Novice: 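Can you keep this structure in mind? I'll have questions shortly.
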Amino acid sequence: MEKYEPKNIEKKWQKYWEDNGTYKDYSRDKKFYVLDMFPYPSGVGLHVGHPKGYIATDVTARFKMLNGFSVLHPMGWDAFGLPAENYAIKNKSNPNVFTARSIANYKRQLEMFGFTYDWDREINTTDPAYCKWTQWIFLKLFEKGLAYESNAPINWCPSCKTGLSNEDLEDGKCERCGSVVEQKQMRQWVLKMTDYADRLLYDLDSPQLEWEDMIVEQQKNWIGRSEGVQFAMQIESSDEKIEVYTTRIDTAFGITYAVVAPEHEIIEKLKENISNLDEVKKYIEDANKKTNLERTELQKEKTGVRLEGILVVNPFTGKSVPLFVADYVLGGYGTGAVMAVPAHDERDFEFAKKYNLEIKEVVSGGSIFENAFTDDGILINSDGYSNLSSSEAREKIADYLEKEKIGKRKVNYKMRDWVYSRQRYWGEPIPIIHCENCGAVGVPEKDLPVTLPEVENYEPTGTGESPLASISDWVNTTCPKCGRLGKRETNTMPQWGGSSWYYLRYIDPKNDKVIIDKDLEKQWMPVDLYVGGAEHATRHLLYARFWHKFLYDIGVVSTIEPFKKLLHVGLIMAEDGRKMSKRWNNVVNPDDIIGEYGADAMRLYEMFMGPFTQSVSWSTTGVSGVRRFLDKIWKVKELVSADISSDKKIVSLLHKTIKKVSDDIENFRFNTAISQMMILVNAMEKESKIAKDDFQSLLIVLAPFAPHVAEELWSGLGNEKSIFLQSWPQFDEKLSRDNEIEMVVQVNGKVRERLMVAADVLEDEVKETALENEKVRVFTDGKEIKKIIFVPGKIINIVVE
RNA sequence: GCCCAAGUGGUGGAAUUGGUAUACACGCACGACUCAAAAUCGUGUGGCGCAAGUCAUAAGAGUUCGAGUCUCUUCUUGGGCACCA
């Protein structure tokens, strides 16, 4: 028989599957939608880390097919974005050219793996037919008041020359280029994601969502819900008041001052009364110059300036306290103003120490001369609330505030609205026309998509306008409402726009009439399994959930969540333990690995490396190990005989393997599934004959992992139909049972002997044998036997003395 | 600081409800085949000990007949959030 040579069989079967549409039977009753986070096709191509998730979904897809499901497993391209645009800037060519080339290379690489992707459904976010619907969703958001223009200060990357959302930052730096982000006030489009904060939070616990804890926790933290109260503090001898927000209203009797953020409006309103206005203005100016990074730099000393001449009244004690402006209070959160209780808040404590402010203890339990005591406790110095616990006091004081109408219970979120405009070329144009009479007007649906015009220069302008602004032919248009002169919006959408709904497009990729056909949507949604990198936990996955809920509200989709089960891929690190990167010169190219070991070995190895969600280092010698396993299977085929039955041990091991591989695939434990198959093959190899049926069962179980080898050996046994049109072998409990089992004998929990006994042996018999055993008697003779614990099929433990 | 995940041989890891710790694979050593090498096959491979044994799952305590697994304390690593009142 010929040696196993991957090159001779892989292309052949890939072509066969494609020509025969082996995977494309979408008519079965049971449906399974398995999805990879689609890649950004970069210029350099895939390294061996990228396909890990794709292999896992492919194994799952094939497993589900063999179990009678119609499986939707599509692939596409998230193709807007900076690398293509930067390339275009450098070479003065349309980013389309670069994008198309990168896609072709990615697709070529993915095809080497023999994935089950239905390329008829391939999508590309930059395709005008696709953009049309991304823009359509924006228009719907705009119609419902969920897309609005704002002039609030936002994150600005000075190097990318564009505004960014909070989700686009990493440590106060631009996630793309690493530049320190500045705050810049500019006109921008914002999506009102905070309207969905509660649902984004609570639905994480809905039974429609089975996500890993890690990702769920990250989203919960990001949304950052907090429950507290908001109440007014009156400015002494003035009609003005400031609203403050706190989660620790139980400490209200300990207020010794109050603080507003530098951008707080009260400063402007009270400027007549502030005696040190110049000093205050100087402070605000300096604070505005600081970047987010400088503001939050670790353990940075707190700064602030007292507003001289202003006092605010603590509504609980009636006492007046000073007011400060300080940048440790954030303008964008809560009301931008806080009550300060230095005895029970670390930040206030630090500030009060520095500026010699009073520290008044109102919760007992700490030593407030040294540290702020921030735990709950029993109230003191709090009039009628003294002696209550913190939690009781919070309820009672909140009730009081609501009764007296001074304040109310309030929920706040850390999550902000989504800053949605980018001042760059390579993104979906925002479909809005600005008219002097009518203001911002949506482009009528019939005029979608608004496509990108050709420009001379792709360079960002840095002025807050995108390069589109210089194309007057394109910018100048008529207002769809009044017909007078209008100007197109020149900002474009962020890359996250197109990726927020692409999973719907796969279901119905060619439909130009509606965003999605309702019947098809109901057949496939939600996505049953979604796999991708953990770095998307608070970006893509949050945005997509937000859009999906919006689409649910306007009746486009029928589920409240888009992705039922979510798993993150553990990174593959380089052999040296670092991230694979051109910079370290440690990148391994899948073309080379497949060239040397074959696609099936590559697939098996990545699934065998370790637990799927864990990050592991690449090891090329590890690939040779799974390749040896494939070689062994290839040789075991020589032992196959149609007229015999396999040894009982083999049959039992086969059934154990069927069970284990089935369970393990369902639970994404591919590494142990593969080791079980190795155990079986190691045992088969030692036999002289293997029954054909048994070997065929092994091939079916192997097929999801190593489809080319499985298909080749399957057809070599004379089968005409593809192995992927077979049914998964039935696990038979009876056949999996062993006649004889090993029974461990322990004395006081320590293993002293192992006995081979019949599987159905009686407890008394084992006890008797064990107690008579010489090795056991060494430890039991002359001692009193207190009890004997018997675990059927496993252990007998004799407890002495 | 807060939240999440994890810590087991030389290496990646296994042990699914507390029941044989180190499966499977890599690496290494020795042997067979070979003029030789590669490939392949075989044997061995946690530490200490000639052995019977004994000690080992980050460290320490606890529960239990029995703990890698459960509880508490501490340490370390990775990830996320971070002046969010």
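Each chain gets a letter, A, B and so on, in the order its sequence line appears, and its residues count up from 1. Keep in mind the model is a prediction, meaning the values are calculated, not measured.
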Novice: Can you check the distance between B:A61 and B:G47, where both ends of the measurement are the P atom (answer in whole Å)?
Specialist: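 Per the computed distance, 26 Å lies between those P atoms.
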
Novice: Write down the distance separating the C1' atoms in B:U63 and B:U73, rounded off to the nearest Å.
Specialist: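 Looking at atom C1' only, B:U63 and B:U73 are 15 Å apart.
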
Novice: Hey, would you say the A:F351 and A:F349 ring centroids sit under 6.0 Å apart?
Specialist: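 No, the ring centres sit 6.0 Å or more apart.
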
Novice: Between A:F612 and A:F670, how do the two ring planes meet: parallel, tilted or perpendicular, split at 30° and 60°?
Specialist: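 A:F612 vs A:F670 ring planes: perpendicular.
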
Novice: Write down the distance between NZ (A:K579) and P (B:G78), rounded to a whole number of angstrom.
Specialist: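 Nearest whole value for this atom pair: 13 Å.
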
Novice: Any luck finding a side-chain donor-acceptor pair between A:T538 and A:E167 under 3.5 Å?
Specialist: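 Looking only at side-chain atoms, A:E167 and A:T538 do not form any donor-acceptor pair under 3.5 Å.
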
Novice: Suppose we define a pair by two distances each less than 3.5 Å, Watson-Crick or G-U wobble; what does B:G42 pair with here?
Specialist: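 Base partner found: B:C30.
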
Novice: Going by modelled atom types, is there a donor-acceptor pair between the base of B:C83 and the side chain of A:K302 at under 3.5 Å?
Specialist: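 Counting by modelled atom types and ignoring angles, a donor-acceptor contact under 3.5 Å is found here.
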
Novice: Any strand is fair game: report the nucleotide pairing with B:G49 by Watson-Crick or G-U wobble, both distances under 3.5 Å, or none.
Specialist: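 Base partner found: none.
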
Novice: Quickly work out the A:K410 NZ to B:A85 C1' distance and round it to whole Å.
Specialist: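 Whole-Å distance recorded here is 14 Å.
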
Novice: Would you kindly give the CG-to-C1' distance between A:L630 and B:A25, to the nearest whole Å?
Specialist: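 After rounding, the reported distance stands at 13 Å.
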
Novice: Can you tell me how far P of B:C3 sits from CD1 of A:I223, to the nearest Å?
Specialist: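 So the two atoms are 18 Å apart, to the nearest Å.
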
Novice: Assess the pair A:Y355 and A:Y257: is the distance between their ring centroids shorter than 6.0 Å?
Specialist: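 They do not qualify: ring centres at least 6.0 Å apart.
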
Novice: Decide yes or no on salt bridge (charged side-chain N to carboxylate O under 4.0 Å, His left out) for A:K767 and A:E763, but give the supporting numbers first.
Specialist: CA-CA 6 Å; A:K767 279 185 183 169; A:E763 181 172 345; 3.1 Å; yes

Novice: Mind checking if A:G625 touches a base, just sugar-phosphate, or nothing, with heavy atoms under 4.0 Å?
Specialist: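 It contacts sugar-phosphate atoms only.
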
Novice: For the pair made of CZ in A:F629 and P in B:C26, what is the distance, rounded to whole Å?
Specialist: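 Checked: the CZ to P distance equals 12 Å.
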
Novice: Since syn is defined as within 90° of 0, does B:G10 count as syn or as anti?
Specialist: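 Here B:G10 takes the anti form, which means its glycosidic angle is more than 90° from 0.
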
Novice: Need the pair for B:C65. Rule: Watson-Crick or G-U wobble, both distances under 3.5 Å, any strand; none if unpaired.
Specialist: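 For B:C65, the partner nucleotide comes out as B:G19, under the 3.5 Å rule.
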
Novice: Counting only Watson-Crick or G-U wobble pairs whose two distances fall under 3.5 Å, which nucleotide matches B:A25?
Specialist: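 By the stated definition (distances under 3.5 Å), B:U11 pairs with B:A25.
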
Novice: Mapping A:M214 and A:R416 to their closest nucleotides on RNA chain B, which lands nearer the 5' end?
Specialist: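 Here A:M214 is the residue nearer the 5' end.
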
Novice: Atom CD of A:E167 and atom P of B:C81: how far apart are they, to the nearest Å?
Specialist: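 Taking atom P of B:C81 as the reference, CD of A:E167 is at 10 Å.
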
Novice: Using the six-membered ring wherever Trp is involved, compare the ring planes of A:Y543 and A:W418 and label them parallel, tilted or perpendicular (cut-offs 30° and 60°).
Specialist: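 Parallel, since the angle between the ring planes stays under 30°.
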
Novice: Consider only side-chain N and O atoms of A:D417 and A:T194, and report whether a donor and an acceptor are under 3.5 Å apart.
Specialist: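 Yes, A:T194 and A:D417 have a side-chain donor paired with an acceptor closer than 3.5 Å.
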
Novice: Under 4.0 Å, heavy atoms only, any strand: does A:R627 hit a base, just the sugar-phosphate, or nothing?
Specialist: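 No contact.
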
Novice: More 5' along RNA chain B: A:M339 or A:W222, using each one's nearest nucleotide?
Specialist: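 The 5'-side residue here is A:W222.
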
Novice: Respond yes when some side-chain nitrogen or oxygen of A:Y328 is under 4.0 Å from OP1 or OP2 of B:A85, and no when none is.
Specialist: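 Checking A:Y328 against B:A85: no side-chain N or O falls below 4.0 Å of OP1 or OP2.
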
Novice: Report yes if at least one side-chain N or O of A:N682 is closer than 4.0 Å to OP1 or OP2 of B:A25; otherwise report no.
Specialist: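 Yes.
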
Novice: For A:T620 and A:Y597, does a side-chain donor sit closer than 3.5 Å to a side-chain acceptor?
Specialist: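 Result is no, nothing qualifies.
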
Novice: Now, which nucleotide makes the Watson-Crick or G-U wobble pair with B:A58, with each of the two distances under 3.5 Å?
Specialist: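 Answer to the pairing question: B:U74, which forms a Watson-Crick or G-U pair with B:A58.
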
Novice: So that I can tick it off, tell me whether A:E227 and A:R225 are bridged by a salt bridge, with the cut-off set at under 4.0 angstrom between side-chain N and carboxylate O.
Specialist: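 Answer for the salt bridge query: yes.
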
Novice: May I ask you to establish whether A:R545 and A:W222 are in a cation-pi arrangement, using a distance under 6.0 Å from NZ or CZ to the six-membered ring centre and at most 45° from the ring axis?
Specialist: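 Not satisfied by the 6.0 Å and 45° rule.
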
Novice: Tell me what A:V799 touches on the nucleic acid: a base, only sugar-phosphate, or nothing, going by heavy atoms under 4.0 Å.
Specialist: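 Sugar-phosphate, no base atom in range.
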
Novice: Write down the distance between CD (A:E784) and C1' (B:C65), rounded to a whole number of angstrom.
Specialist: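 Value for this atom pair: 14 Å.
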
Novice: Any base atoms under 4.0 Å from A:K220, or only sugar-phosphate, or nothing? Heavy atoms, all strands.
Specialist: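 The residue A:K220 makes no contact with any strand.
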
Novice: Could you work out the separation of B:A39 and B:C26 based on their P atoms and round it to a whole Å?
Specialist: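 About 12 Å, rounded to a whole number of Å.
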
Novice: Step through the shown structure and confirm whether more than 12 heavy atoms of other residues, nucleotides or ligands are within 6.0 Å of CZ on A:R777.
Specialist: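 No, the 6.0 Å shell around CZ holds no more than 12 heavy atoms from other groups.
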
Novice: Can you check each nucleotide of nucleotides 6-21 of chain B against protein heavy atoms at under 4.0 Å and return B for base, S for sugar-phosphate only, - for none, in 5' to 3' order?
Specialist: ------BSS-B--BBS

Novice: Taking only side-chain nitrogens and oxygens of A:R752, does any of them come within less than 4.0 Å of OP1 or OP2 of B:U54?
Specialist: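 For A:R752, the contact criterion (side-chain N or O under 4.0 Å from OP1 or OP2 of B:U54) is met.
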
Novice: Considering only the P atoms, how many Å lie between B:G42 and B:C24, rounded to the nearest integer?
Specialist: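 It works out to 13 Å between them.
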
Novice: Check nucleotides 40-48 of chain B for protein N or O atoms closer than 3.5 Å to its own N or O atoms and list the pairs.
Specialist:
from	atom 1	to	atom 2	distance (Å)
B:U40	OP1	A:R628	NE	3.3

